[in-house]
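Keep in mind that what you see is a predicted model, and the values were worked out from it rather than measured. Protein chains get the first letters and strands the later ones, always in sequence-line order, with residue 1 at the start of each. Side-chain atoms are counted along with the backbone in the values below, which use heavy atoms only and exclude waters and symmetry mates.
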Amino acid sequence: MKVSHKEPQPKSDWLPERDRMNAGRIDVAELDGGLDLQATIESGQSYLWRRPDGEMYDGDEQRGGDAWYETVVRIDDGSIRLDAGDPVVVRVRQDDSHLDWESTTDAEWIVRSLLRLDDDLPAIRAATPDDELLERAYDRYWGLRLVADPPFGTLISFICSAQMRVSRIHGMQVALAETFGETVTADGRSYPVFPTPEQLAAATESQLRDLGLGYRAPYVQRTAEIVASGDAHPESARDRPYEDAREYLTQFVGVGEKVADCVLLFALDFLEAVPLDTWIRTTIEEYYPDCDRGSYAETSRAIRQRLGGEYAGYAQTYVFHYLRNEE
DNA sequence: CCCGTACCTGACGA
DNA sequence: ATCGTCAGGTACG
């Protein structure tokens, strides 16, 4: 792997062919609850993967069945959480019974972490209440997993998500990477890397508007600046109790309670977080009207309890994907 | 605290 | 064609 405008990799006898990809295969049958890779990546919870065939969000579940998905994460001291360290390319593809991966490093642990492959789906489902809507959603997309994306990229992409369509949110993240991030090459191909907080903080509002971010442009720039300055980092929310963590995240510009819940759920392992977006609010109106308590905080408490508490975020993600596709 | 309003922009249907 | 509406909301008064 080569990283642009960086020193050449140190000589290493175990890496004579640095463009050679590592590869591996995970038996889906060994995962508790299996896997639906396309639903997991294209359900609007992660915007940090790409399909080289360019067919993301085309709604075709047949053709998407065995597509490759690619992302680049930074590994620092064995962690993918801190937006620092060397970029690592990760590619995955699912056929009927396997999840194949390729990477510039030995990446099985990264794949397992990003796609939450060690979550015990049957146990999670068993912990959610007996509820007709939940049963339908779980049945329809069984194998859909939450993701555990890098916090900074998640923070930025969900700031961009305000009043925006899923496919366009994804396009923005691609544009941010191509415009402000580095490029790594691996196996003869080049991969844009999501920008670091420093790289994004250096962008101007005008540059960001040119990428189509609209009124989100200053939100993204100022939030990147806060993270780059060291004043705060989304990862710092992890150690707090759930509602404190949500409050902590709202200090970033463009982050209200809903976006904060998305970061908690999709990046920081708060599986009880239920982002109250327009879809879930409609769902509450229709299926759980008694949970509408007016304020975000109180409605959040009520719906979290109704969806089973500890894993309410899992239920939310299934319902979100189900209603968004079946209507 | 709670409430109304302005906000970029492209895609889509009338 | 040109226009109104809408999209995983938030900041601000």
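- When the C1' atom is used for both B/dC3 and C/dA7, the distance is 23 Å, rounded to whole Å.
- Among the duplex regions that DNA chain B forms, those built from at least three successive Watson-Crick or G-U pairs under 3.5 Å are B:3-7 with C:9-13, B:9-14 with C:2-7, ordered by first number.
- No hydrogens or angles considered: nothing links the side chains of A/Asp131 and A/Tyr287 as a donor-acceptor pair under 3.5 Å.
- Side-chain atoms of A/Thr154 and A/Leu268, non-hydrogen and from C-beta on, never get closer than 4.5 Å to each other.
- With contacts defined as side-chain heavy-atom distances shorter than 4.5 Å, the pair A/Pro150/A/Arg74 does not qualify.
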What protein N or O atoms touch nucleotides 10-13 of chain C N or O atoms at under 3.5 angstrom, if any, and at what distances?
{"unit_1": "C/dT10", "atom_1": "OP1", "unit_2": "A/Gly256", "atom_2": "N", "d": "2.9"}
{"unit_1": "C/dT10", "atom_1": "OP1", "unit_2": "A/Gly256", "atom_2": "O", "d": "3.4"}
{"unit_1": "C/dT10", "atom_1": "OP1", "unit_2": "A/Val259", "atom_2": "N", "d": "3.0"}
{"unit_1": "C/dA11", "atom_1": "OP1", "unit_2": "A/Gly254", "atom_2": "N", "d": "2.8"}
{"unit_1": "C/dA11", "atom_1": "OP1", "unit_2": "A/Val255", "atom_2": "N", "d": "3.4"}

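- Contact record, A/Tyr322 with A/Ala137: CB-CB, 3.7 Å, taken as the closest heavy-atom pair.
- Atom pair A/Tyr57:OH and C/dA7:C1' shows a separation of 15 Å (rounding to whole Å applied).
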Checklist outcome for this item: Counting primed atoms, P, OP1 and OP2 as sugar-phosphate and everything else as base, the B/S/- map of nucleotides 9-14 of chain B against protein heavy atoms under 4.0 Å is BB----
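- What separates OH of A/Tyr47 from P of C/dA7 is a distance of 14 Å, to the nearest Å.
- Between the side chains of A/Tyr215 and A/Gln163, no donor-acceptor pair of N or O atoms lies under 3.5 Å.
- The P atoms of C/dT10 and B/dG10 are separated by 22 Å, rounded to the nearest whole Å.
- Judged by distance alone, the side chains of A/Ser79 and A/Asp77 never bring a donor and an acceptor atom under 3.5 Å apart.
- Between A/Phe158 and A/Tyr47, a ring centre-to-centre spacing shorter than 6.0 Å is recorded.
- Between A/Ile280 atom CD1 and C/dG9 atom C1' the separation is 15 Å, expressed in whole Å.
- Within the nucleic acid shown, A/Glu205 has no heavy atom closer than 4.0 Å to any nucleic acid atom.
- Applying the side-chain hydrogen bond (donor to acceptor under 3.5 Å, both in side chains) definition to pairs two or more places apart or across chains, those involving residues 236-250 of chain A are A/Glu235-A/Arg238, A/Arg238-A/Asp269, A/Tyr242-A/Arg246, A/Tyr242-A/Asp261, A/Glu243-A/Arg301, A/Glu243-A/Arg304, A/Arg246-A/Ser300.
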Checklist entry - When you look at A/Phe252 and A/Tyr219, which way does the side chain to side chain contact (heavy atoms under 4.5 Å, CB included) test go after all the steps? => result CA-CA 8 Å; A/Phe252 297 106; A/Tyr219 299 169; over 6 Å; no
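- Applying the salt bridge (charged side-chain N to carboxylate O under 4.0 Å, His left out) test to pairs two or more places apart or on separate chains, those with a residue in residues 137-161 of chain A are A/Glu61-A/Arg140, A/Arg125-A/Asp139, A/Arg140-A/Glu326.
- For A/His321, the ring pair (Phe, Tyr, Trp, His ring centres under 6.0 Å) test picks out A/Tyr141, with sequence neighbours left out.
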